Colleague: 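One structure is given below, represented as structure tokens, and several questions about it will come after.
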Amino acid sequence: MKTYQGSCHCGSIRFSFTSPLIDQGLRCNCSLCKRKGAIMSSFTLAPEELTIEVTGDALSTYSFGKDIAEHNFCNQCGIYTFHSTLRKPGHYRVNLGCVDDINSAQLPFEVFDGASL
Ligand SMILES: [Zn+2]
């Protein structure tokens, strides 16, 4: 297990979590994720497993469609940091591009077929 630290680009949103070593990611082809292009964690985190620190009111939420997933982003720098997932409501996936010590561009990834939901 390893404790990871992450943040948005400007640092207004910081987060940390402990998980097994991250050696893969997940992409989704839904209408939002294909626009973001982010590589997300393949695992989900329960709310108590994700520590979130926000400066001011930088943390914003975007939902669409059936409103089940809540996509969180920084309203200062615009970066998507994590979201509460469709497959496990209330649980989070994080943007691996925001996580320190991970070269997210070189991780292998699976594709979740969110477009077909
Ligand atoms: Zn930011």
Side-chain angles (χ1 to χ4, degrees):
M1 300 291 277
K2 177 172 162 69
T3 298
Y4 289 95
Q5 313 281 341
S7 66
C8 66
H9 192 261
C10 72
S12 294
I13 301 173
R14 297 184 180 280
F15 59 92
S16 63
F17 60 91
T18 299
S19 74
L21 274 188
I22 295 172
D23 58 5
Q24 64 167 336
L26 179 73
R27 282 180 180 268
C28 172
N29 64 359
C30 84
S31 60
L32 179 62
C33 290
K34 73 177 185 180
R35 285 170 168 77
K36 289 192 298 203
I39 297 195
M40 309 173 280
S41 59
S42 56
F43 53 86
T44 60
L45 296 163
E48 64 271 18
E49 294 171 325
L50 180 64
T51 303
I52 301 168
E53 277 180 71
V54 181
T55 302
D57 59 357
L59 185 64
S60 288
T61 301
Y62 177 70
S63 293
F64 68 101
K66 284 170 262 162
D67 271 358
I68 300 167
E70 298 200 331
H71 302 270
N72 298 113
F73 64 97
C74 174
N75 60 30
Q76 301 298 303
C77 65
I79 295 298
Y80 149 67
T81 46
F82 39 77
H83 71 281
S84 91
T85 171
L86 208 56
R87 282 198 278 194
K88 222 173 170 187
H91 287 61
Y92 291 94
R93 289 186 198 282
V94 300
N95 178 357
L96 294 182
C98 292
V99 178
D100 298 344
D101 306 326
I102 295 179
N103 187 348
S104 61
Q106 292 194 334
L107 284 179
F109 57 87
E110 289 179 14
V111 176
F112 174 60
D113 188 16
S116 298
L117 291 177

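Start at 1 and go down the list; that is how both ligands and their atoms are numbered. Remember, it's a predicted structure, so these values are computed and weren't measured experimentally.
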Colleague: Atom CD1 in Ile13, atom CG in Asn95: separation rounded to 0.5 Å?
Modeller: 11.0 Å
Colleague: Ring-plane angle category for Phe43 and Phe17, please: parallel below 30°, perpendicular beyond 60°, tilted otherwise.
Modeller: tilted
Colleague: Indicate the atoms forming the closest heavy-atom contact of Phe15 with Ser7, along with that distance.
Modeller: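 Heavy atoms only, the tightest pair is CE2-N, 3.8 Å.
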Colleague: Identify the heavy atoms of Pro20 and Tyr4 that sit nearest to each other, and give their distance.
Modeller: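 That closest heavy-atom pairing would be O-CE1, 4.1 Å.
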Colleague: How are the rings of Tyr62 and His71 set to each other: parallel, tilted or perpendicular (split at 30° and 60°)?
Modeller: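 Correct class here is tilted.
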Colleague: Tell me whether the rings of Tyr80 and His83 are parallel (<30°), tilted (30 to 60°) or perpendicular (>60°).
Modeller: tilted
Colleague: Which protein N, O or S atoms sit under 2.8 Å from the Zn ion (ligand 1)?
Modeller: Cys8 SG, Cys10 SG, Cys74 SG, Cys77 SG
